[in-house]
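This report refers to the structure that appears directly beneath it.
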Amino acid sequence: MAWQDVTRKKREQIAALIPPEWRFSSQAIPSRITQPNIVHMVPLFLSPFEEEITNLPVPQLLQALHCGRFTAREVVAAYCHRATLAHQLVQCLSEINFESAAQRAAELDGYWRAHGGPIGPLHGLPISLMDRFNVAGLDSTSGFASWVGNAKTADDEGVLVQHLRALGAVIFCKTNVPMSMMVGETVNNTIGTTWNPQNRTLSAGGACGGEGALIALKGSPLGIGTELAGSSRIPAAFNGIYALKICEARLPRDGLVTVVSVRAVLFPKYGQLTCQMRGLPIAAGSIGLLSSSISGLQTVFRALLDSSPWINDAETLEMPWRQDKYAAIAARTHRSGHADGRLVFGLLSSDGHVQPHPDIERAMHNVRQALQQRGYEFRIFGSNSGISIREAIKASSEPPIMQVKAWYEQGHVDGLSATELWELCHVHFEYRKRYADYWREMSNRTRSGRAVDGVIQPVAATTAVRDGEFHYYGYTAVANVLDYPAAAFPVQVGSSSFDDNMPHGPPFNAVDALVRSCYRPEDAKGMPVGLQVIGQRHHEEHVLAMVQAISSALSEYNPAMA
């Protein structure tokens with residue numbers, strides 16, 4: 001069957017799974033040009049009860065489920081409805097699992113009636129998954145037409161999915177990803193492009209762009225994806241939500257379809273080499289969580305750790321949630337009048353390779369001012385390449401999307417020899433070591449003598465981009481190479497005295513010039529802006545507490561006092 005027929009039938013299958021009463025007529029969907037922002041359109045088609053449910057942050061929603069205020073079936077139905085509205089407007093879903101979700105919700109309600117309480121800490125919580133996660137009965141296409149129609153079984157599911165179910169969560173959909181998943185935008189030949197809800201002429205980011213757009217429209221309370229070079233943080237920044245990049249092996253990562261395991265983006269000697277080596281001990285990727293609130297990230301991350309996933313996955317570290325780590329940061333957040341009790345942040349406004357666009361500069365300025373008003377301290381932190389991608393594309397004769405066309409057409413690139421592979425591993429080890437040494441050395445330069453708690457920096461050099469215009473991963477990939485935890489958070493930029501016109505000085509290099517050439521003030525106006533805070537390895541609890549501190553400071557920021 002031709003790839004065009006395969007993809008058309010897949011889209012028709014997804015559309016048929018949307019209940020008729022939830023479908024828009026073709027006339028009801030405005031064009032992306034005449035009405036680019038559809039954020040306020042979705043609630044118009046919800047009942048007040050559905051809107052109440054889907055507007056609740058995760059902890060409050062779980063509390064309502066646990067006490068019996070809402071049934072699991074009511075909550076799941078509300079999110080299924082909202083997710084279908086979102087999909088019809090921004091193309092964010094890759095798989096619909098509503099029938100199975102409704103059956104699971106009914107089982108959970110039966111348990112609650114029989115026992116007078118929840119089955120687990122995530123009882124009745126709908127959760128969406130990036131398309132990479134195998135779920136019984138659903139495809140995991142990763143944007144390839146040749147992978148359509150290969151439904152997974154229960155044996156294909158990973159430990160993370162199994163533990164989510166045991167905790168009471170309900171998996172109700174999977175979300176769109178880019179072809180190959182190695183792109184900072186979300187586009188493929190099957191579903192198409194996932195658009196940014198606040199401007200549908202712009203991208204929702206990638207690779208978890210489906211998650212980012214769905215959560216921005218409150219079509220899911222929490223989504224789970226993967227992280228190789230910013231796959232969850234970039235969509236979070238583009239869509240104005242939160243994301244947590246977790247360190248490798250803190251949560252299980254089996255049960256995923258694998259295309260590409262590592263891209264040597266930070267080692268110039270290896271250029272744009274892309275490798276698929278599942279045993280490679282560098283930058284193997286990790287799990288990312290996305291939510292519209294910090295509390296959502298913390299609640300689900302803690303529940304997963306408390307379920308002891310290492311019992312069922314030998315590759316997962318035995319490292320439960322450490323409340324003392326979180327409390328240590330939280331305690332210093334609220335102390336006043338003591339310089340030695342305050343948090344210490346490093347600031348990286350530019351990495352010296354690609355200059356952030358004006359809105360990102362404004363966000364960095366606002367964060368610094370907001371945290372200074374709270375008395376915080378700052379220091380400036382000054383083998384088979386692409387074969388799996390090409391084979392998956394060739395299998396259906398579909399054309400590669402524009403964003404991976406260059407990889408596809410470069411032909412065969414020789415893989416790494418064993419010697420080169422281990423040299424790359426050594427370079428990677430030395431890079432981590434030097435960075436850790438630098439972080440420790442910075443404590444000698446702080447007024448309080450404390451070590452730097454976290455580094456605040458851009459997620460990307462841009463806000464949401466047009467098709468084919470995301471070109472630089474350096475701001476996010478550094479955390480993956482170092483295997484540091486990082487959390488993306490939204491920042492309101494408002495008006496500013498910053499110049500709206502790029503560039504500020506000459507370009508650093510050709511990539512910087514390319515990124516600058518994509519800047520359009522009219523595209524950036526009113527779009528979400530996101531930054532990130534990076535912590536030290538395996539200190540996710542610290543990072544979550546720091547994001548809470550930063551967000552609290554931003555909520556009380558008074559520009560007039562700056």
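A donor-acceptor pair shorter than 3.5 Å can be found between the side chains of Glu211 and Ser128. A donor-acceptor contact under 3.5 angstrom links the side chains of Arg302 and Gln323, judged on distance only. Defined by atom type and a distance below 3.5 Å, a donor-acceptor pair is missing between the side-chain atoms of Ser94 and Asn176. In the model, Arg104 has no side-chain atom that pairs as donor or acceptor with a side-chain atom of Asn97 under 3.5 Å. A side-chain donor from one of Lys174 and Ser140 sits under 3.5 Å from a side-chain acceptor of the other. Residues His542 and Asp453 have side chains that never bring a donor and an acceptor to within less than 3.5 angstrom of each other. Judged by distance alone, the side chains of Arg132 and Thr226 do bring a donor and an acceptor atom under 3.5 Å apart. A donor-acceptor contact under 3.5 angstrom links the side chains of Ser232 and Glu227, judged on distance only.
Using bins of under 30°, 30° to 60° and over 60° for the plane-to-plane angle, the ring pair Tyr111/His115 lands in the parallel bin. Ring pair Phe172/Phe98 is parallel by interplanar angle, where below 30° counts as parallel and above 60° as perpendicular.
Note on Arg537 versus Asp483: salt bridge recorded, some NZ/NE/NH1/NH2 to OD/OE distance being below 4.0 Å. Salt-bridge check for Glu12 with Lys9: failed, with every basic side-chain N at 4.0 Å or more from each acidic carboxylate O. Salt bridge status for Arg82 with Glu51: absent, with no side-chain N to carboxylate O gap under 4.0 Å.
For His81, the ring pair (Phe, Tyr, Trp, His ring centres under 6.0 Å) partners two or more places apart in sequence, or in a different chain, are Trp22. When the salt bridge (Lys or Arg N to Asp or Glu O under 4.0 Å) test is applied to Asp313, no partner is found at least two apart in sequence or on another chain. For Lys10, the salt bridge (Lys or Arg N to Asp or Glu O under 4.0 Å) partners at least two apart in sequence or on another chain are Glu95, Asp139.
Asn239 contributes no side-chain N or O that, together with a main-chain N or O of Ala216, makes up a donor-acceptor pair within less than 3.5 Å. In this structure, Asp5 contributes its side chain and Arg8 its backbone to no donor-acceptor pair below 3.5 Å.
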Derivation and outcome, side chain to side chain contact (heavy atoms under 4.5 Å, CB included), residues Phe470 and Val183 = CA-CA 8 Å; Phe470 191 86; Val183 182; over 6 Å; no
